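Hydrogens, waters and symmetry mates play no part in the numbers below; they use all other heavy atoms, side chains included. Just so it is clear, the model here is predicted, and its values are computed rather than measured.
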Amino acid sequence: MTSIESKRVQYRKYLERAGVIDALSKALIKLYEEQNKPEDAIRFVRKFMCESCPDDAQYDLMKNDLEEAKTTIVRLEQELERLRGQIKKSPEEYQELTMAGYKSLMDDEENVGSLLRKYLTPELLEEYMLVTTASPVDAYLYDCAVSGFEHHDSHVGIYAADPESYDVFGKLFDPIIKEYHGQEENDSDVLQKDIDWGNVDEIENLDAERKYILSARIRIARNIEGLPFFPKLTEKQLIEVEEKVRAATETMDGELIGTYLTLAEIDTETQQEMVKRHILFQRGDPYLQTAGCYRFWPTGRGVYHNPAETFLIWVNEEDHLRIISMAQCGDLGDVYQRLVTGIQELEKNLTFARHASYGNLSACPTNLGTTLRASVHIRLPLLSKSEDRLKTMADELSLQIRGTGGEHTVIEDGIMDISNRRRLGFTEFELVKSLQDGIVALINAEEELEIAGQEG
């Protein structure tokens, strides 16, 4: 029995246990026995199965009430953030919060893998306790570490509140960055190479016959120079970022010409449908929530996309910009070419934050350097059955493999998300080329297993 057939059997058994099949059968028999068949059979079945359920008019009214309630909640959340912004914590309050957060983190004996926990020594805590970045941002250590203080299971546990945080709290950020990116032995003052898109013609269509690859996607993050990152962005600055990006997209041409949509003006149903198509983001990450990523939501958030939905710019999702190029096929070359063209067009109107050592800056230290993640969704049913071999190949090829539902999801039916593991210390071209070489190697391994199965 195949995996799909097994799931169907399990699903049918679930429906039987839950009484769904019995209820549907009775409703359909009732419909069959009706002398005067109703024009709307669906409504008849629904009414039979749930006599106490609201009718269409009541449902519409309840739906409108729900939308109004959601709008009110958003408005109240924004007002609450404005009030919080008017309350300035004293240095003593920051000290108290930092000490409490640090104690909670260090006292947790179950969650000990956080890099924040590893490198924030008592000596560094004392040194950085009341240090801030320059005014008017005035970011404290607490602003950077609050998420890690609350979520002890976070692997990293720290975000930069602004570009200056990487230097002001450098004795903490630097070892975290080096360990995460595998740069512990790198004694150079410059960890990231200069931007180099390379020869885009060397990146190819990896699956012209569309046998294995379902989609390809490359995204990069950028933050506008002179503005803080999300932990310290004001409501006015969120709007400023959106206005700058909107203006920058007006000069796009060719296949990059598109439309900018402000999140607040997109109705809930359309938002959900766009999220399913992977062209819009949503909030909900608890680590980012605690760090302050969703303040004033949905103010200043939006998306730019071309009609083909192959080029996107997410505004104030986490970083100021997430620039995305994608295609529903394996043509990585086309995706890369479009990304390079798009970022170069944006650079004509926007100046992005960059660090002398770390390269392109992002709020999360895991995303520094190129900030580039190139990935494909690929079907490798035979190779996926050999988990040890797949993991060994991924490690050798510096690839990250996970389920298509995102981080920490499992591989289903042999379909997986494969991306470059490295971000820092390599050029953009090197990372995309390494993904290409890795995917080719994995497809070759799958084809070898296919041949072996035919011969066997």
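Atom CD of Glu67 is surrounded by more than 12 heavy atoms from other residues, nucleotides or ligands within 6.0 Å. Heavy-atom contacts from other residues, nucleotides or ligands closer than 6.0 Å to CD of Glu347 number more than 12. Annotation: Ile42, atom CD1; neighbour count of heavy atoms from other residues, nucleotides and ligands within 6.0 Å does not exceed 12. Heavy atoms of other residues, nucleotides or ligands lying less than 6.0 angstrom from CZ of Arg43 number 12 at most. Crowding of Tyr304 atom OH: a count of heavy atoms from other residues, nucleotides or ligands under 6.0 Å exceeding 12.
Looking at heavy atoms from C-beta onward, Leu361 lies out of side-chain contact with Asp319 at the 4.5 angstrom threshold. For the pair Ser114 and Ser154, the minimum side-chain heavy-atom distance is 4.5 Å or more. Here the side chains of Leu372 and Ile218 are in contact, with some heavy-atom distance below 4.5 Å. At least one side-chain heavy atom of Leu399 sits less than 4.5 Å from a side-chain heavy atom of Leu435. Under the 4.5 Å side-chain criterion, counting only non-hydrogen atoms from C-beta, Leu380 is in contact with Leu442. Residues Ile220 and Ile343 are in side-chain contact: their nearest non-hydrogen atoms beyond the backbone lie under 4.5 Å apart. Two residues are said to be in side-chain contact when any heavy atoms from C-beta on lie closer than 4.5 Å; Ser362 and Asn223 meet this criterion. The side-chain heavy atoms of Ile177 and Leu424, taken from C-beta on, include a pair separated by under 4.5 Å.
Between Glu240 and Lys236, none of the side-chain N atoms (NZ, or NE/NH1/NH2) sits under 4.0 Å from a carboxylate O, so this pair counts as no salt bridge. A salt bridge is absent between Lys178 and Glu184; no separation between the charged side-chain nitrogens and carboxylate oxygens falls under 4.0 Å. Salt-bridge formation is detected for the pair Arg338/Asp334: a Lys NZ or Arg NE/NH1/NH2 atom is positioned less than 4.0 Å from an Asp or Glu carboxylate oxygen. Salt bridge status for Glu430 with Lys193: present, with a side-chain N to carboxylate O gap under 4.0 Å. Between Lys433 and Glu202 there is no salt bridge, since no side-chain N of the basic residue sits under 4.0 Å from a carboxylate O of the acidic one. Under a 4.0 Å N-O distance rule, the pair Lys232/Asp138 does not qualify as a salt bridge. A salt bridge links Glu269 to Lys63: one of the charged nitrogens lies within less than 4.0 Å of a carboxylate oxygen.
A side-chain donor from one of Asn349 and Thr251 sits under 3.5 Å from a side-chain acceptor of the other. Side-chain polar atoms of His181 and Asn186 form no donor-acceptor pair below 3.5 angstrom. A donor-acceptor contact closer than 3.5 angstrom links the side chains of Tyr358 and Asp174. With hydrogens and angles left out, the side-chain atoms of Tyr260 and Glu250 include no donor and acceptor closer than 3.5 Å. With no hydrogens or angles considered, a side-chain donor-acceptor pair links Thr262 and Arg246 at under 3.5 Å. Under the 3.5 Å distance criterion, with hydrogens and angles disregarded, a donor-acceptor pair is assigned to the side chains of Asp267 and Thr270. Side-chain contact, Arg217 with Ser325: no donor N or O sits under 3.5 Å from an acceptor N or O. Asp162 and Ser165 are linked by a side-chain donor-acceptor pair at a separation below 3.5 angstrom, with hydrogens and angles left out of the test.
Once rounded to the nearest 0.5 Å, the distance linking CD1 of Ile73 with NZ of Lys70 reads 8.5 Å. In this structure, CD1 in Ile415 is found 4.5 Å from CZ in Arg379, a value given to the nearest 0.5 Å. Taking CD of Gln337 as the reference point, atom CG of Leu332 lies at 12.0 Å (rounded to 0.5 Å). The CG atom of Asn306 lies 10.0 Å from the CD1 atom of Ile257; values are rounded to the nearest 0.5 Å.
In this structure, Phe149 and Tyr142 have tilted ring planes: the angle between them lies in the 30° to 60° band.
Residues Val315 and Glu242 come closest through the heavy atom pair CG1-CA, 3.9 Å. In terms of heavy atoms, Pro365 sits closest to Ile158 at CD-O, 3.3 Å. The two residues Asp285 and Tyr294 come nearest to each other via the heavy atoms N-OH, 3.1 Å. Nearest heavy-atom pair across Ala216 and Val335 is O-CG2, 3.9 Å.
Not less than 6.0 angstrom separates the ring centroid of Tyr119 from the ring centroid of Phe173.
Formation of a donor-acceptor pair under 3.5 Å by the Arg301 side chain with backbone atoms of Thr299 is found in this model. Although no hydrogens or angles enter the test, the distance criterion places no donor-acceptor pair under 3.5 Å between the side chain of Asp143 and the main chain of Ala139. Not one N or O on the side chain of Ser386 forms a donor-acceptor pair closer than 3.5 Å with the backbone of Asp388.
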Notebook entry, point to check: Stepwise, does the ring-ring contact (aromatic ring centres under 6.0 Å, His included) test hold for Phe230 with Tyr159?
Noted result: CA-CA 9 Å; Phe230 70 77; Tyr159 296 93; 5.5 Å; yes
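For the pairing with Arg389, the salt bridge (Lys or Arg N to Asp or Glu O under 4.0 Å) check across Glu396, Glu446, Glu448 returns one residue only, Glu448. Just one residue in the list Tyr336, Trp197, Phe426 forms a side-chain contact (heavy atoms from CB on, under 4.5 Å) with Val432, and that residue is Tyr336.
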